[in-house]
*Asks:* 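Have a look at this one before I ask anything.
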2 protein chains.
Amino acid sequence: MTIISADPAAGGGRSRRATGLRNEAAILAAAERVFAERGFKGASMSEIAAAARMPKPNLHYYFGTKEALYRAVLTDILETWLGEANAFVPDGDPATALAGYVRAKMRWSRERPHASRVFANEVIHGALFIGQYLSDDLRRRVEEKGRVIEGWIRGGRMAAADPKVLFFILWAMTQTWADFAVQVHAVLGVSDLSDEEYDRITEEVVVFALRGCGLTPA
Amino acid sequence: MTIISADPAAGGGRSRRATGLRNEAAILAAAERVFAERGFKGASMSEIAAAARMPKPNLHYYFGTKEALYRAVLTDILETWLGEANAFVPDGDPATALAGYVRAKMRWSRERPHASRVFANEVIHGALFIGQYLSDDLRRRVEEKGRVIEGWIRGGRMAAADPKVLFFILWAMTQTWADFAVQVHAVLGVSDLSDEEYDRITEEVVVFALRGCGLTPA
DNA sequence: GTCTATACCAGGATAGAC
DNA sequence: GTCTATCCTGGTATAGAC
């Protein structure tokens, strides 16, 4: 009858709050996977619940609606996207900065393929939920980083190019390994990529990107 | 009561068959757009019907089920995809072949953005309907074209690279302009790209691709 | 061949017991 | 906080008039 005894986790020594956080994290992880596989409409709350190993109403208890859950997943993804952007450090020489950025993006595609696909799906279908973020936060960030690149170009340290176009090219050639993984596997004739194989591809992409910018691999 | 008089188009001088073909084409075009915007699940037959300016049951009359309509749209898209692949001609020098291919893919992204997005959506969500095509038809084609590239590399006519990885990079950096158009517009701060602006971007992409392959723009 | 009206079902959301 | 049972909307598909 008391609040404490009503919580199954209380007896296990964990606080109610901790249980809640753990549940939320489990739901978010499951939702990211299911949204990646099925898209927003295609994903059902039942399937997410099953993937998170808990009854459907619990999802509504923690997140209210399907849309709110989707937004939470997107927010989580955008935060790590921002983190990756910082891998582009203007210090040192262009080749190092660029190679580091490409490797960071390739790592992200490898480690969070579901997140990448949810993001891609959202953008492809019009970015209804993250449009504001794209035209505010992301746009500003690209302009900042773009000025660094323009400085390098003016200094003759890399080939001339529109920095914004360059960013789109870099994103495309790194995210494709997560987003189009099925196509990659089909064309290569494998069911999965080993870490070694992925590292090899990563270096191919790095070299291509560096050459594309008129830089020679270190 | 007769077959002829039952056809509204008969009086207009058009044959029933022509009307049917025209209707099918209208439905396919509308479906491509709606599937691109909403995804397979997100698209509703009512919305497609409205976009095609005809009552919902007519769609079922022509295509049976939503899934069959979706397959028809995909088939239509894959056929033009194959056509584009032929833009990669092994004759002449690598730079010409590569530049021609990149321009053809950029043109496709510009002219059939909805088709590109439907394709992207399908692959991202596991290529349930076109998986067979990817691992048979596309794979074979990539291997053929790949051998041409390997010949160029052995002949020292371009930088060393895994041809398959190269193809994925080329696809990614050209298709992104259709698939992620919303993100492009947001970052550039425009609501649309003019033909001139798109041509400029195309040349940036061509130059980047050529340099990436160790080739100098003509 | 075309369309109105409807059967039917999947799935989001909630009431209310525990 | 958790879960069972249920409501109800929206969407595919079709029966049957014209």
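Sequence lines set the chain letters: A, B, ... in the order given, protein chains first and strands last, and positions in each chain run from 1. Computed from a predicted structure; not experimentally measured.
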*Asks:* May I have the distance from N23(A) (atom CG) to dC3(D) (atom C1'), rounded to whole angstrom?
*Replies:*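 So the CG-C1' distance, N23(A) to dC3(D), works out to 13 Å.
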
*Asks:* Side chain of E122(B), backbone of F129(B): donor and acceptor closer than 3.5 Å?
*Replies:*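 Checked: pair present.
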
*Asks:* Using whole Å, report how far CZ of F63(A) lies from C1' of dT14(C).
*Replies:*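 My rounded result for the distance is 18 Å.
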
*Asks:* Quick one: N58(A) CG to dT2(D) P, roughly how many Å, whole number?
*Replies:*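 N58(A) atom CG is separated from dT2(D) atom P by 6 Å.
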
*Asks:* Between the protein and nucleotides 9-12 of chain C, list the N/O to N/O atom pairs that are separated by less than 3.5 angstrom.
*Replies:*
unit_1: dG12(C); atom_1: OP1; unit_2: A43(A); atom_2: O; d: 3.2
unit_1: dG12(C); atom_1: OP1; unit_2: M45(A); atom_2: N; d: 3.4
unit_1: dG12(C); atom_1: OP1; unit_2: K66(A); atom_2: NZ; d: 3.2
unit_1: dG12(C); atom_1: OP2; unit_2: M45(A); atom_2: N; d: 2.8

*Asks:* Quick check on side chain to side chain contact (heavy atoms under 4.5 Å, CB included): which of L74(B), I77(B), I48(B) does F35(B) satisfy it with?
*Replies:*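 Exactly one pass, corresponding to I48(B).
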
*Asks:* Are OP1 or OP2 of dG1(C) and a side-chain N or O of Y62(B) less than 4.0 angstrom apart?
*Replies:*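 No, outside the criterion.
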
*Asks:* Does a side-chain N or O from Y61(A) land closer than 4.0 Å to OP1 or OP2 of dT2(D), or not?
*Replies:*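 Answer no for this pair, as no side-chain N or O of Y61(A) is under 4.0 Å from OP1 or OP2.
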
*Asks:* If you measure from the Lys or Arg side-chain nitrogens to the Asp or Glu carboxylate oxygens, is any gap between R200(B) and E204(B) under 4.0 Å?
*Replies:*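 Salt bridge flag = yes for E204(B) with R200(B).
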
*Asks:* Indicate the ring-plane relationship of W171(B) and F167(B), choosing parallel, tilted or perpendicular according to the 30° and 60° boundaries.
*Replies:*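 Plane angle between 30° and 60°, so tilted.
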
*Asks:* So F40(B) and Y70(B), would you call those rings parallel, tilted or perpendicular, with 30° and 60° as cut-offs?
*Replies:*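 F40(B) vs Y70(B) ring planes: tilted.
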
*Asks:* Nearest whole Å is fine: how far is dT2(C) P from R53(B) CZ?
*Replies:*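 Interatomic distance, CZ of R53(B) to P of dT2(C): 17 Å.
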
*Asks:* Quick one: R22(B) CZ to dG1(C) C1', roughly how many Å, whole number?
*Replies:*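 Distance, rounded to whole Å: 13 Å.
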
*Asks:* Please determine if E143(B) and R140(B) form a salt bridge, counting it only when a charged side-chain N lies under 4.0 Å from a carboxylate O.
*Replies:*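 Looking at R140(B) together with E143(B), the answer is no, because their closest N to O distance does not fall below 4.0 Å.
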
